[in-house]
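Below: the structure, in structure tokens.
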Amino acid sequence: MNTFMKNVCLSAAIMGFGAAIVQPASAQSGHPSMNDNKILNIAHRGGSGYAPEHTLPSYELGDEIGGDYIELDLQMTKDGELIAMHDETLDRTTNGTGLVKDYTLDQIKELDAGSWFNEMYPEKANSEYNGLQVQTLEEVIQHFGKNKHYYIETKSPEVYPGMEEKLLKILKDYHLIRQNGPSSKVIIQSFSEASLQKVHEMNEDIPLVQLIDYKNNATITDEELDHYEEYAVGLGMSFKKIDEEYVDKVREHDLLIHPYTVLEKEDMKRLIEWGVTGMFTNYPDRLEEVLKEMKKK
Ligand code: G3P
Ligand code: CA
């Protein structure tokens, strides 16, 4: 394990993230220094199982019910503002239509980013969600401050030239990245290796997680893992595509493994038993419960 990774694990331990879990034999024997690793509870788009994704109530809830990190997807407006939104288009999560990149922030701020949730999930509806505004990255950071942890994804970076530079400037302005990488309050994730490599070139202290979109069951070679280790601290992929052998292999290369998006407790438990080091979930409370149950045993 490189020094950086050891420190990431150490800082997680210091901060009391998650619960200590017995790791699979392969992880224990191969990498004893990872035995102290904790399971990171990553609130996917906030507590988005209960509130409209990427809104302040969703992030607040995710934080309150056990999330260690606020997961945040980035898109960029016509006038170059980074906003918290999953899709490249406004249609699904606002009452607007069209591409984010074709609208200014002022225009997007006019939209309602909460009512869709009440309409789609009447059993979870809350009148306070009506009329919620889209948030900029800066607004989220201003709201939650520098003591929270942010797991930020550069979405469609090829569509948004300069996205990485703007992101790093904001993180620097708000003192969320430190010279000592593991003390960083952020992890940056992307499906785009080019985007992560760009960030790495600008600041190699920032922990990076490479997301991988497997079409079929996940397999990975030692050469691929060696390559990822050169710039990333971990990997993320659909939990549905991996098995225990895959998890073992990633762990043997001292990389974190954070599968997405895990909703059911039985899946959470199985993944933890396989040795994952965290996971993205819309229900951080469920993961919290699973971690407590497993710690009791
Ligand atoms: O970032 C991890 C996971 O969120 C990737 O999938 O589509 O939900 O951003 P997506
Ligand atoms: Ca994401």
Side-chain angles (χ1 to χ4, degrees), residues 24 26-27 39-45 48-49 53-54 69 71-76 84-93 99-101 120 151-160 163-164 187-200 207-283 286-287:
S26 55
I39 311 299
L40 293 190
N41 190 334
I42 305 156
H44 183 247
R45 313 181 195 177
S48 60
E53 65 184 60
H54 291 311
Y69 277 79
E71 198 256 351
L72 203 149
D73 298 313
L74 290 184
Q75 304 283 340
M76 197 158 90
M85 189 172 290
H86 178 272
D87 298 359
E88 261 182 78
T89 55
L90 299 163
D91 302 55
R92 184 177 62 86
T93 57
L99 294 165
V100 170
K101 73 179 179 64
M120 185 168 285
Y151 204 125
I152 302 173
E153 180 176 353
T154 56
K155 281 281 187 207
S156 311
E158 64 285 353
V159 176
Y160 304 118
M163 174 182 240
E164 294 83 2
I187 293 173
I188 296 179
Q189 49 164 338
S190 189
F191 286 102
S192 165
E193 178 179 333
S195 183
L196 293 182
Q197 293 279 16
K198 197 169 176 185
V199 171
H200 194 63
L208 305 177
V209 166
Q210 178 69 61
L211 302 175
I212 307 171
D213 183 15
Y214 288 108
K215 300 300 174 207
N216 301 305
N217 289 342
T219 58
I220 198 157
T221 65
D222 287 325
E223 289 71 28
E224 287 169 326
L225 286 160
D226 287 343
H227 173 68
Y228 292 133
E229 272 186 287
E230 286 172 11
Y231 63 94
V233 301
L235 305 179
M237 71 300 296
S238 169
F239 82 95
K240 295 176 182 171
K241 304 290 173 63
I242 61 175
D243 57 17
E244 187 169 11
E245 187 185 347
Y246 181 95
V247 175
D248 274 353
K249 200 154 186 185
V250 175
R251 294 294 309 272
E252 282 164 10
H253 276 254
D254 299 327
L255 285 160
L256 302 174
I257 175 165
H258 295 161
Y260 59 83
T261 302
V262 193
L263 307 180
E264 304 299 333
K265 288 173 81 172
E266 63 190 57
D267 293 321
M268 294 171 177
K269 186 167 180 292
R270 186 180 70 256
L271 290 163
I272 292 165
E273 286 170 346
W274 286 353
V276 304
T277 57
M279 66 189 80
F280 298 82
T281 179
N282 300 349
Y283 300 99
R286 292 183 187 171
L287 179 53

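Computed from a prediction, not measured in an experiment: that's the story for all the values here. Values below: all heavy atoms of this structure, side chains included; hydrogens, waters and symmetry mates excluded.
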Closer than 4.0 angstrom, basic N to acidic O: yes or no for Glu53 and Arg92? yes

What's the spacing between Tyr246 OH and Met237 CE if we round to 0.5 Å? 3.5 Å

Which atom names give the shortest non-hydrogen contact between Pro259 and Phe239, and what distance separates them? CB-CB, 3.7 Å

Please report the closest heavy-atom contact between Leu90 and Val100, naming both atoms and the distance. CD2-CG2, 3.9 Å

Point-to-point distance, once rounded to the nearest 0.5 Å, from CD of Glu164 to CD of Gln197: 11.5 Å

Checking His44 now: which residues fulfil ring-ring contact (aromatic ring centres under 6.0 Å, His included) with it, not counting sequence neighbours? none

Looking at Gly234 and Leu255, what are the two nearest heavy atoms and their distance? N-CD2, 3.8 Å

Short N-O contact, Asp248 and Arg251, less than 4.0 angstrom: no

Taking Leu235 as the fixed residue, which of Val250, Leu211, Val209 is the one that meets the side-chain contact (heavy atoms from CB on, under 4.5 Å) rule? Val250

Any side-chain heavy-atom pair from Glu153 and His86 closer than 4.5 angstrom? no

Reference residue Tyr160; test side-chain hydrogen bond (donor to acceptor under 3.5 Å, both in side chains); the match among Gln75, Glu88, Lys155: Gln75

Work out which heavy atom in Thr221 is nearest to a heavy atom in Lys249; give both atom names and the distance. CA-NZ, 4.2 Å

CG (Leu208) and CD (Glu193) are apart, to the nearest 0.5 Å, by 10.5 Å

Got a sec, which residues hit side-chain contact (heavy atoms from CB on, under 4.5 Å) with Lys240, two or more places apart in sequence or on another chain? Ser238

Option passing side-chain contact (heavy atoms from CB on, under 4.5 Å) with Met268 (candidates Leu263, Asn41, Val262): Val262

What's the separation between atom CG in Asp222 and atom CD in Glu229, rounded to the nearest 0.5 Å? 9.5 Å

Closest heavy-atom pair, Val276 versus Ile39, reported as atoms and distance to 0.1 Å, is O-CD1, 3.2 Å

Determine whether His54 and Thr93 make a side-chain contact, defined as any pair of heavy atoms from C-beta on separated by less than 4.5 Å. no

Would you call Lys215 and Asp213 a salt bridge, using N to O less than 4.0 angstrom? yes

Less than 3.5 Å apart, any donor N or O on the side chain of Tyr151 or His258 sitting next to an acceptor on the other? yes

Would Tyr214 and Ile220 count as a side chain to side chain contact (heavy atoms under 4.5 Å, CB included) if you check the C-alpha gap in whole Å, the side-chain angles of each, and the deciding distance to 0.1 Å? CA-CA 10 Å; Tyr214 288 108; Ile220 198 157; 3.8 Å; yes

Quick one: does any side-chain atom of Ser192 pair with a main-chain N or O of Ser195 as donor and acceptor, under 3.5 Å? yes

Are the side chain of Ser190 and the backbone of Thr154 linked by a donor-acceptor contact shorter than 3.5 Å? yes

Run the side chain to side chain contact (heavy atoms under 4.5 Å, CB included) test on Glu264 and Arg286 for me, step by step, so that the C-alpha distance in whole Å, both residues' side-chain angles and the decisive distance to 0.1 Å come before the verdict. CA-CA 8 Å; Glu264 304 299 333; Arg286 292 183 187 171; 4.1 Å; yes

For the residue pair Pro207 and Val233, what are the closest heavy atoms and their distance? CB-CG2, 4.0 Å

Just so I know, are the side chains of Glu224 and His227 near enough to count as touching, which here means a heavy-atom distance under 4.5 Å? no

d(Thr219 OG1, Lys241 NZ) to nearest 0.5 Å is 12.0 Å

When rounded to the nearest 0.5 Å, the distance separating CZ of Phe280 from CD1 of Ile42 is 4.5 Å

Of Asn217, Ile212, Leu271, which is the lone residue that meets side-chain contact (heavy atoms from CB on, under 4.5 Å) with Ile242? Leu271

Look at Glu266 together with Arg270 and state whether they make a salt bridge at an N to O cut-off of under 4.0 Å. no

Side chains of Leu287 and Ile272: closer than 4.5 Å at any heavy-atom pair? yes

Is there a donor-acceptor pair under 3.5 Å between the side chain of Glu71 and the backbone N or O of Arg45? yes

